[in-house]
Amino acid sequence: MLEQKINELFGDNDPTGFGTGWWSGVLSAFFGLLAFGAVVCLHFPALLSSPELRPYYSMYVIRLLIQAVIVGAIIFGVVSAMLRRKKTLALTGMVFALGATLLGGASVPINDSLREGPAIGLDWFLLDMLLMTLIFSPIEVLWPAYPKQSVFRVEWLTDIVYFLSTHLPIQLTSFLILLPATQLSAFLGIPGVIAAVGRLPWLVQFFLAVLVADLAQYAIHRSFHMVPFMWRFHAIHHSSKALDWIAGSRAHIVEDVVVRGFILVPMMLVFPMNINVAYLFFVTLHATWTHCNFGPTIKWLEPFLILPRFHHWHHTSQAEAIDRNFAIHFPWIDRIFGTYYFPEDNKWPDTYGLANEYIPRGFWAQTFYPFIRRQAA
Ligand SMILES: [Zn+2]
Ligand SMILES: [Zn+2]
């Protein structure tokens with residue numbers, strides 16, 4: 001297995017706390033890979049950059065960012081190499097940073113003539129990976145619910161491939177996600193209702209949108225658990241044996257499309273486009289956050305808004321919480337429908353994943369799994 005080889009190559013048995021050179025090594029390797037990928041994008045922008053994003057790029061800022069990431073990879077690499085016995089992470093980061101520099105670094109001119117049309121969204125993958133890591137990794141490192149869990153926990157590579165799979169085919173994903181939210185709104189919307197909703201204060205509109213979305217999400221999510229044919233697809237999301245922000249990416253493409261369609265269509269009927277787009281941003285951040293290995297809680301907020309511990313119970317393999325906590329934003333929706341499970345004393349699950357079902361490992365095996373699975377006995 002590739003993941004095992006990578007873990008053996010980079011991992012060791014030394015402590016991984018601050019000051020051990022572990023985090024600086026991980027950061028060096030991560031920044032090095034980002035920098036290298038970004039410089040490759042500068043060389044082949046027509047092929048590797050997303051036409052959807054190009055209009056929004058400030059090349060000045062992007063070039064500064066690439067420069068910063070190269071410098072970061074080298075500085076963290078030096079720090080890690082000094083602190084840690086095993087130098088593979090540091091060396092990897094520095095080699096990729098050096099490679100990025102030799103390929104021209106941040107100042108590679110854009111020579112391709114850019115046009116619309118199919119492209120591989122490597123830029124979008126790298127940018128979103130950086131953004132999500134900056135948002136969610138610090139809180140997982142500083143305040144984990146499971147301090148012993150490593151970034152290189154079991155099947156981490158599979159989940160990166162899932163993240164990759166929703167970012168590289170940018171045309172496909174923007175077609176499936178943004179198009180319905182924007183263009184289709186014009187056809188589906190009920191103008192009178194949208195106009196009326198649009199006159200409400202923005203916060204009220206947004207709250208209503210999250211409510212409508214979560215009710216729709218609850219219905220389709222519960223169906224994915226109850227209907228055996230649908231469960232085959234959703235079982236993939238539940239196959240993670242440990243949760244962190246990237247584990248939230250693990251979902252079968254069929255589930256992704258069905259869930260988004262099911263949520264967005266009712267929203268498009270009644271909410272203005274800007275609210276639907278705002279919701280898409282919100283759900284990305286909130287749903288990702290609820291998968292985080294993040295321990296702290298805000299007691300008074302728990303009954304109103306879903307915090308990570310609530311969704312973690314949805315992912316447990318412990319009998320007491322199976323088929324509980326279907327909502328993704330508002331826990332009281334589960335209370336209303338009688339599917340609420342949230343033990344006191346800030347208790348977290350002991351085990352995750354599926355107790356009675358074998359799910360193959362790896363992205364492709366899991367993608368084919370629902371179609372070729374033999375009928376359960
Ligand atoms: Zn579920
Ligand atoms: Zn989940």
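Both ligands and their constituent atoms are indexed starting at 1 by order of listing. In this chain, numbering begins with 1 at the start of the sequence shown.
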- Task: Examine H314 and say whether one of its N/O/S atoms is closer to the Zn ion (ligand 2) than 2.8 Å.
- Result: no
Sidechain N-carboxylate O distance under 4.0 Å for D159, R153
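Salt bridge: yes.
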Residues D14 and K86 bridged, charged N to O under 4.0 Å: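 No, no charged N to carboxylate O under 4.0 Å.
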**Request:** Please find out if the Zn ion (ligand 1) and some N, O or S atom of H238 are separated by less than 2.8 Å.
**Result:** yes
query: Do any of the N, O or S atoms of H315 sit under 2.8 Å from the Zn ion (ligand 1)?
result: no
Just give me the atom name: the N, O or S atom of H234 closest to the Zn ion (ligand 1).
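Closest to the Zn ion (ligand 1) among those atoms: NE2.
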Exercise for the section: Measure from NZ or CZ of R335 to the centre of the six-membered ring of Y340, then state whether that distance is under 6.0 Å and the direction lies within 45° of the axis. Expected result: yes
TODO: Please confirm whether R309 makes a cation-pi placement over F342, using NZ or CZ under 6.0 Å from the six-membered ring centre and within 45° of the ring normal.
DONE: yes
Among the N/O/S atoms of H237, the Zn ion (ligand 2) lies closest to NE2
Anything under 30° is parallel, anything over 60° is perpendicular, the rest tilted; go ahead and classify H225 against W231. tilted
Quiz item: Given NE2 of H291 on one side and NE2 of H311 on the other, what angle do they make at the Zn ion (ligand 2), to 10°?
Solution: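 Nearest ten degrees: 90°.
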